[in-house]
S.K.: 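First, the structure itself, so that you have it in front of you.
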Amino acid sequence: MILDVKNAGYSYNGGRQIFSDISFSLADREVLCILGPNGIGKSTLIRCVANLNRLRSGSIRLFGEDLSGMQHIEIAKKIGYVPQAHEIVFPFSVRDFVLMGRAPHLAAFSSPGKSDYAKADEKLDLVGIRKIADKPVNEISGGEYQLAMIARALTQEPAILLLDEPTSHLDFGNQIRILEIIDQLADTGIAVIMSSHFPDHAFLSSDNVAIMQHGSFMAYGRPEDVVTEENLRKTYGVDVSITYSHDVDRHVCVPHMSGQGRCRNPAKPEKPGATGAASEG
Amino acid sequence: MEWIKGRISMISEKIVWFLRLPLIRTGLIFAILPILFVVSLFLGRYEVPPLHIIQLLFAPVVNLMPPNIIHIDPSWTPTEENVIYQIRLPRVIAAVLVGAGLAIAGAAYQGLFKNPLVSPDILGVSSGAGFGAALAILLGLGSFMIQASAFCLGILAVAITYLLSRSYRTTPTLILVLSGIIVAAFFSALISFTKFVADPYEKLPAITFWLMGSLASVRYSDILMIAPPLLIASAVLILIRWRINLLAVGDDEARSLGIDTKRMSQLIILCSTLITAGAVCIAGIIGWVGLIVPHLGRMLVGPDYKNLMPVTFVLGASYMLIIDDVARNLTSAEIPLGILTAIIGAPFFAYLLSRRSVGWT
């Protein structure tokens, strides 16, 4: 196990408890997806693992070493953190932005050299945004910005990548593109923890899923066991059907709506099995 | 005719292309400073023949060699020597130090506060220093004590700002700016009070003139006093310049990239405060330099602090040299620097904004 979280608890300045007694561990090349409603503490948990917030109780061990005793720079060599998108004031070029990922590998008074530039370009290629490398980072699209942040985290050459809702604010196509890249990364030997709003993402790209609810993990395990109709109803308060789609060879989540929805009279495709029976009758 | 037009447009295109090459551009920026430095020595109310100035400048070096090889005979008058070496040279050196220092401190603060509208006095250093000087003038102290008092109170003001912000735990940069506004307002009130109680015929004009900024009375001893802290602090800022990029992007991201953001911001505040307090204590309060010169730098070489910091340093020095040349040559009386930096700086900044090439609009 490269990351062990034991009985983790967090509260703001001794006030409201955000979460408590959360335990999980991360194996090499594992992708863990954390689901849960808004404001439940997914981001805080990820920030604790990134050592941006300190746990109030419990412990996080990174390669067997206690995180609270480690220096920022040592953690940054092993953990890459991709925060939720925010505005950047200064128009750094995408390449310079990605290059910042080399910081943990550089001495305090030095700046990146040729090999660092090569590494940044390599990661730009990996996420497929090399062609916009010279554009200002505050003029690219939301999807490109998310990819640039992932490229920057990869330039750190971490063992673990933490992504805080990497697909929020992205359109349908970009969401899937991000998930594809995460999948690809896991194959190349990086473990990933990501939070998401979409239960489908758990089926798409993760080995393990945790559902965070009422300040702890309500369920944790394989996607098929955790992302169930019952758990999703408990978590999000809406009815969901989970069916197996033969077209894509995986489970899909289909939310129900009270009422019939706007599309009241859709042209219903006939069920493949039912067709024969209907024609015979 | 057409042929000539074509040639001209081709040549001008080539020149534009040449000027766009980053190396050439940086080279030009760095070449302007020594030229301005020498030109500034030629300018002044007392007329010194250009040949004498050149001889005067080279004599101390050349005359170190054996007299039978090369020797410059003093063709100049003692007054001319005095004007160049005791009045113009220290003044020009001071302008370089003050301009470069204020500009680089401003650039560092803009990165630290992630805000392009920040200037070096955001944490109250100028107001504190201004009060220190005003108080010393009111008490009738000598010029050394005025400077020392300005320097110390400038640093004290920033220390109070910093301690005030530490009482909060969250969003330190925002609280830091707020604390700076509080402290600056407090010391501004103290300055007003000092002026209010000052003797209106003698001390009030002295205080007012000091606050508007001037390099007229700078001596070598002043330079020797502020140069070491100013240059060392600037060197530190230049050494850590690439990492200021990370702070400029965001505190959380900088920390996740392994930066100890608390210590780094302390270091930047310490260096910028030493620089600004040093500049203010010999030159008075000079606004605008620390605000617009970094923008000028960003326009020329882009936002990457790796290039921006050295360029800003040199541009600040050049800008201050020009301002000071205007201050002492435009009219028969000295024009205070603080007035000129804004009168020249504000329209210039407005022009930059209107071209939308500042980079953050």
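Lettering of chains follows the sequences in order, A, B, ..., and the numbering in each one begins at 1.
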S.K.: Using a 6.0 Å cut-off, check whether atom CD of A:Gln71 has over 12 heavy atoms from anything other than its own residue.
M.R.: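 Incorrect, the count does not exceed 12.
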S.K.: Atom CG of B:Asp304 and atom CZ of A:Phe92: how far apart are they, to the nearest 0.5 Å?
M.R.: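 Answer rounded to 0.5 Å: 7.0 Å.
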S.K.: Going from CH2 on B:Trp242 to CG on A:Leu99, what distance comes out if it is rounded to the nearest 0.5 angstrom?
M.R.: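 B:Trp242 CH2 to A:Leu99 CG: 5.5 Å, rounded to 0.5 Å.
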S.K.: Side chain, backbone, both or neither: which part of A:Pro158 has a heavy atom under 4.5 Å from chain B?
M.R.: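 The answer is neither part of A:Pro158.
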S.K.: Looking at every non-hydrogen atom in both residues, tell me the closest pair between A:Pro91 and B:Pro303 and how far apart they are.
M.R.: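 Of all heavy-atom pairs spanning A:Pro91 and B:Pro303, the closest is O-CG, 3.2 Å.
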S.K.: Where does A:Asn51 contact chain B at under 4.5 Å (heavy atoms): side chain, backbone, both or neither?
M.R.: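 For A:Asn51, the contact with chain B is made by the backbone alone.
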S.K.: Among B:Leu239, B:Val236, B:Thr261, which has the most heavy-atom pairs under 4.5 Å with chain A?
M.R.: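 That would be B:Leu239.
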S.K.: Check whether A:Ile79 gets within reach of chain B through its side chain, its backbone, both or neither, counting any heavy atom under 4.5 Å.
M.R.: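 Backbone only.
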S.K.: Quick one: of A:Pro136, A:Ser93, A:Gly80, A:Ser111, who has the most non-hydrogen atom pairs under 4.5 Å with chain B?
M.R.: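 So the answer, after comparing A:Pro136, A:Ser93, A:Gly80, A:Ser111, is A:Ser111.
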S.K.: How about B:Val249 and A:Arg152: do any of their side-chain heavy atoms sit closer than 4.5 Å?
M.R.: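 Yes, their side chains come closer than 4.5 Å.
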S.K.: For chain B, which residues from residues 127-135 of chain A have at least one heavy atom closer than 4.5 Å to it?
M.R.: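 From residues 127-135 of chain A, none sit under 4.5 Å of chain B.
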S.K.: So for B:Arg243, is it side chain, backbone, both, or neither that comes closer than 4.5 Å to the heavy atoms of chain A?
M.R.: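 For B:Arg243, side-chain heavy atoms alone lie under 4.5 Å from chain A.
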S.K.: For the pair B:Ile259 and A:His72, evaluate side chain to side chain contact (heavy atoms under 4.5 Å, CB included) and give the outcome as yes or no after the intermediate values.
M.R.: CA-CA 6 Å; B:Ile259 306 280; A:His72 281 301; over 6 Å; no
S.K.: In terms of heavy-atom pairs under 4.5 Å with chain B, which of A:Leu106, A:Leu52, A:Ile75, A:Ile73 leads?
M.R.: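 Maximum pair count with chain B is reached by A:Leu52.
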S.K.: Just by modelled atom types, is the A:Phe90 backbone N or O under 3.5 Å from a matching donor or acceptor in the B:Lys114 side chain?
M.R.: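 Here the side-chain-to-backbone pair does not exist.
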S.K.: So which atom in B:Ser256 and which in A:Ala76 form the shortest heavy-atom distance, rounded to 0.1 Å?
M.R.: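 In this case the closest contact between B:Ser256 and A:Ala76 is O-CB, 3.4 Å.
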S.K.: Rounded to the nearest 0.5 Å, how far apart are CG of B:Leu257 and NZ of A:Lys77?
M.R.: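 Spacing of CG (B:Leu257) from NZ (A:Lys77) equals 13.0 Å.
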S.K.: Just grab all the ring-ring contact (aromatic ring centres under 6.0 Å, His included) pairs involving residues 95-133 of chain A, residues at least two apart or on different chains.
M.R.: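 As it turns out, the ring-ring contact (aromatic ring centres under 6.0 Å, His included) pairs with a partner in residues 95-133 of chain A, which skip direct neighbours, are A:Phe97-A:Tyr145.
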S.K.: Which value, rounded to the nearest 0.5 Å, describes the distance between B:Glu253 atom CD and A:Ile88 atom CD1?
M.R.: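 CD1 of A:Ile88 is found 6.0 Å from CD of B:Glu253.
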S.K.: Pick one of side chain, backbone, both or neither for B:Asn115, based on which atoms fall under 4.5 Å of a heavy atom in chain A.
M.R.: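 It is the backbone, since no side chain atom gets that close.
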S.K.: For chain B, which candidate among A:Gly101, A:Ala108, A:Pro83, A:Ala50 shows the most heavy-atom pairs at distances under 4.5 Å?
M.R.: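 Looking at each of A:Gly101, A:Ala108, A:Pro83, A:Ala50 in turn, A:Ala108 comes out on top.
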S.K.: Atom CD1 in B:Ile240, atom OG in A:Ser110: separation rounded to 0.5 Å?
M.R.: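 Rounded to the nearest 0.5 Å, the CD1-OG separation comes out at 12.5 Å.
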S.K.: Please check this pair: side chain of A:Arg47 against backbone of B:Asp252, looking for a donor-acceptor N/O pair closer than 3.5 Å.
M.R.: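 Side chain of A:Arg47 to backbone of B:Asp252: no pair is present.
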